[in-house]
Structures are given as C-alpha cells and as structure tokens.
Amino acid sequence: MRIRTILYIIGGLLCAVGVTLLLPIACSLYYGDAGLVPLLVTLAAMLCCGALLMLCFRRHLSREAPLNHREGAATVAVAWISAGLFGALPYIVAGTFPSVTDAVFESVSGFTTTGSSVLGNIEIVPPGLLMWRAMTHWLGGMGIIVLSLAILPYLGMGGMQLYRAEVPGPSPDKLTPRLKDTAAILWQVYVLLTVLQILFLLAGEMNLYEAICHTFATVATGGFSTRNASLGAYSAYSQWVCTAFMFLAGANFVLHFRLLCGERGVFRNDGEFRFYALLVSAAILIVFLQRLGPEANIETALRASAFQVTSIITTTGFATADYAQWAPLSQLLLVLLMFVGGCAGSTSGGVKNMRVLLLGKQLYHEVFTLVHPHAVRHIKLNRATVPAAVITGCASFLALYALIWVLSSLLLALTGLDVLTACTAALTCLSNVGPGLGTVGPAENFAHLPGLAKWVLCADMLMGRLELFTLFILCIPEFWRR
C-alpha cells in the first residue's frame, strides 16, 4: 500500500475541490453576506493542505506503477472522507451549526447527495453558504474522483481502479479507451443537463441564484433547497421541470451520451431503463389513485404524485408535500422505492434498478429450472448473456446492504429512537435519499438526533454513495496485509 502516493492524489483532489469555492465566494460578494470570510478561510485551508501534500509526496508518484485495486479503494475512501471533513469548514467557521458533528453531517450529506439536513431555518443562512451547500451536491453527483480523472492528468495511470471503486452500479461503462476522456464525456453530459435545467427554471419565477442551487440539487439527485418549504414554495411549472430532470438524472448517463451521439432508440432498447420507466409510471399511478378524492384537484394530485415518486426513486429527496400524512399504501410504496433507487451509472443511490432486475431474472430462472430441470437457459439483459459473477455480485451486494441496514437500525434504536424513525433513517441515508418517516419525515429534519446517531448515519451515507464494498473492505484485516 503506497500511502504516500495516495496522499499525493488526495492533495491534488483537495486543490481541485477548493477551486470550486470560487462560485460560492462570488455569490457571497454579490449579496454582501456573512458567508464570505468562512468561504475564504476554507479556500485557503484546502489549497494550502492540498499543495502541502502534493509538495511533500511528489517524489513518491510513479507513472510506471499504476494503482492496484487496494490502493484505488483506499484512495476513493480517503477522498470522500476528506471532502466531507473539509466541506464542513465553512459551517464551522460561520457558526451555522451548534456543533462540529452537525457541520460534518451536513457536509457529508451534501457530498454524498443524500440531502438529509440538520438545518432548522434554511432561509436565515447566508446565500453564499447555501450555494456551497448546493455545490457539494453537484460535485458529489458525478463523483469527485471522476472529476479528478477528467482534470488531473497525473491520475491517468491506474485511474481505472479509482473509477471502478467510485462509479455507482454493478458494471461501470468505459466509453473510450482512455479513462480520462470517459470522465470528460460524462461531465460534459452532466454540465449540459445542468445548463438546460437552469434555463428552464429561469423561465419560471426563480432568479439565477435559486435556479443554480435547485439545479445542482436536482441533477445530482441531492435535495438541498434554499427554502424551508423546499420546492413546495415554488410554482407548479418549477415542480414539473424538476420532476422531469430528476427522472433524467435517475437514468444511466451513458444512455444520454449515446442519444446525443445520434443513436436512435437507445432508451427503448435498454432493459434497465424500460424497467425504471415502468416502475416509476406504476408507482405514480398507484399514489395518484390514492390521492384522488371527491374534492381533489386532478392536476394537483397528479403533480404531487409524480413529483414525490420521482424524487424518492431517484433518491433526490425534494418534498412538496408531507407524505407522512398520506395513505399507508402510498407511504409503504415510497419506502420500497427508497430501497430500489435509480439506474446504474446515474447520480442516484439505492440498490439500483439493474440489480433488482437481474435478481428478478435470476429468481425466474430458478423457478423455471425447477419446472424444466434439463433445460439450458441463460440470464440475458439487452440480448447479452449476463455472467454468473455479475449475478453473484448483485446477490452479495443485496445481502451486505440488508446487513448494514439492520445493524444501523439497531444502533439508532440503541440511542433511543423509535422503530419507525430508526429503520427509515438508516434506509434513507444508506440509499442517499434524504427524508424518511417518523421524526425524520419530510416535514422534519435530523437536528434532534443524538450525536452517535448522526455519526452512524454519516457512515451509512458514505457507504451508500460508494456502493458499500469500497468502505467495507477497509475494515477487513486482509486488506492491509502484504
């Protein structure tokens, strides 16, 4: 394990993330708010620490010896933990939160695009800090490691280990022979969706500041808003726009790229996307029928159903209504959607539609084999045979996911939380959704939780964002042995 090489890479990453503070700083200058000094202090801290690490360990970088899988996993884990800790500095310096625990929780929730918040009154926070809060979403959405692969050429050697450790989904797509070009392509699609949504929101009642913050939270499937009422404070037009872009952000970004390249029928021919679209449509219909009543407005009921279902399955976490007050069937359906999440290769969290679909096919395969024991049948997706190792990996992921969820729920219950709050808080953070049910529902926040519970949920958010195994293997003694 080349610790010095890993620290050199972390130094470059801190410098790259620090540069993104320029946008929140510009926002603070424009509004003349109290967030300017904390943001400048954070910028200086990130650049100084990053430059120091790069200078101290530069001689240990070897282009001829690429990172191995262990070093790639360690680099990714340390990078996300470092981003969460340094990202909390503006909140700590500004005194936004009463404790360091709350500041780190908010920062980790931002970078992991979870959207769980400990802020009681969002609207009193300086706009510059809220811009940084949204920026953490946008950076974490596609992944700061993928960002670094696109802009830091010295990571070109051995970068595939970082890519595999960070990119969500059972099988990350490599679009070009050079990984740096792949990362650049994905970020171009990401930026294009960002620009398009900003323009659409500007056509409504949002100003540029609000449009940028909500776009960062939507395209990254994060969920942080600049209003206490979230998107419920805005018009029906803005809610429909965010619904559409949440749905797009929940799809595989490789499909967006192929569509832009002129490949026709790319969404129609993709099995995972068809399953995703069918699941979203069926859930919207069920919730819509539950919302209908003798005095219900059809458009309002349909908009609330479509928005909330899309927000939950894509793990964005925006809320326009308190779904904790909805019918029990609708609540249970939303909890199940938290578990499923979006598509592989998207900015969403959760188990991913790809794994659910493949495990469903495997279940049918087992039943079919019982009926026809001598039949030879392969599991296929998009007309290609799925290797047995992929099915095994999906099953292992599901088992580990369930284990971590149960253990986290037990730890949260140990701190005194009720069963509904403990179970849904663990689920929503592990799936990077945001709000849960009980005392952490869409009308509440996580501020009242004990400190231990917040640190457990921080670990859940990081594990969920990095697909569990990247952090889990760090706890295995064999990982550190020669």
Kindly write out the residues that satisfy ring pair (Phe, Tyr, Trp, His ring centres under 6.0 Å) with Phe288, not counting sequence neighbours, or none if the list is empty. none

A side-chain contact here means heavy atoms from C-beta on lying under 4.5 Å apart; do Asp460 and Ile404 qualify? yes

Tyr401 side chain vs Gly350 backbone, donor-acceptor pair below 3.5 Å: no

Phe368 ring center within less than 6.0 Å of His365 ring center: no

Tell me, do Leu130 and Phe224 make a side-chain contact under 4.5 Å, heavy atoms counted? no

Measure from the ring center of Trp187 to the ring center of Tyr190 and say whether it is less than 6.0 Å. yes

With a 4.5 Å heavy-atom cut-off, do Val280 and Ile313 have their side chains touching? yes

Hey, does the side chain of Glu272 reach the backbone of Ala344 with a donor-acceptor pair shorter than 3.5 angstrom? yes

Does Asn353 reach the main-chain N or O of Gly342 with its side chain, forming a donor-acceptor pair under 3.5 Å? yes

Taking the side chain as everything from C-beta on, heavy atoms only, tell me whether Val440 gets closer than 4.5 Å to Thr428. no

Kindly assign one of parallel, tilted or perpendicular to the pair Phe446 and Phe105, based on the angle between their ring planes and the thresholds 30° and 60°. tilted

Donor-acceptor pair, distance only, cut-off 3.5 Å: does the side chain of Ser311 make one with the backbone of Gly317? yes

Check His214 against Ser225 and note the closest heavy-atom contact, atom names and distance. NE2-OG, 2.8 Å

Side chain of Thr310, backbone of Phe247: donor and acceptor closer than 3.5 Å? no

How about Phe339 and Val351: do any of their side-chain heavy atoms sit closer than 4.5 Å? yes

Can a donor-acceptor pair be found between the side chains of Arg303 and Thr320 at a distance below 3.5 Å? no

Between the main-chain N or O of Gly87 and the side-chain N or O of Trp132, is there a donor-acceptor pair closer than 3.5 Å? yes

Any side-chain heavy-atom pair from Ser117 and Arg133 closer than 4.5 angstrom? yes

All pairs passing ring-ring contact (aromatic ring centres under 6.0 Å, His included) where residues 299-329 contributes a residue, at least two apart: none

Are the side chain of Asn228 and the backbone of Ile122 linked by a donor-acceptor contact shorter than 3.5 Å? yes

Backbone N/O of Cys423 and side chain of Trp405: donor-acceptor pair under 3.5 Å: yes

Side-chain heavy atoms of Trp240 within contact of Glu299, under 4.5 Å: yes

Go through Arg227 and Glu210 one step at a time and tell me if the salt bridge (charged side-chain N to carboxylate O under 4.0 Å, His left out) criterion holds. CA-CA 9 Å; Arg227 298 287 189 92; Glu210 293 174 318; 3.2 Å; yes

Between Asn432 (side chain) and Arg465 (backbone), is there a donor-acceptor pair under 3.5 Å? yes

Could you tell me if the ring centre of Tyr209 sits under 6.0 Å from that of Tyr30? no

Under 3.5 Å, which donor-acceptor pairs do the side chains of residues 195-202 form with other protein atoms, sequence neighbours left out?
unit_1, atom_1, unit_2, atom_2, d
Gln197, NE2, Thr218, OG1, 3.2

For the student: nearest non-hydrogen atoms of Leu231 and Cys242, plus distance: CD1-SG, 3.6 Å

When you measure from the side chain of Ser107 to the backbone of Gly84, do you find a donor-acceptor pair of N or O atoms at a distance under 3.5 Å? yes

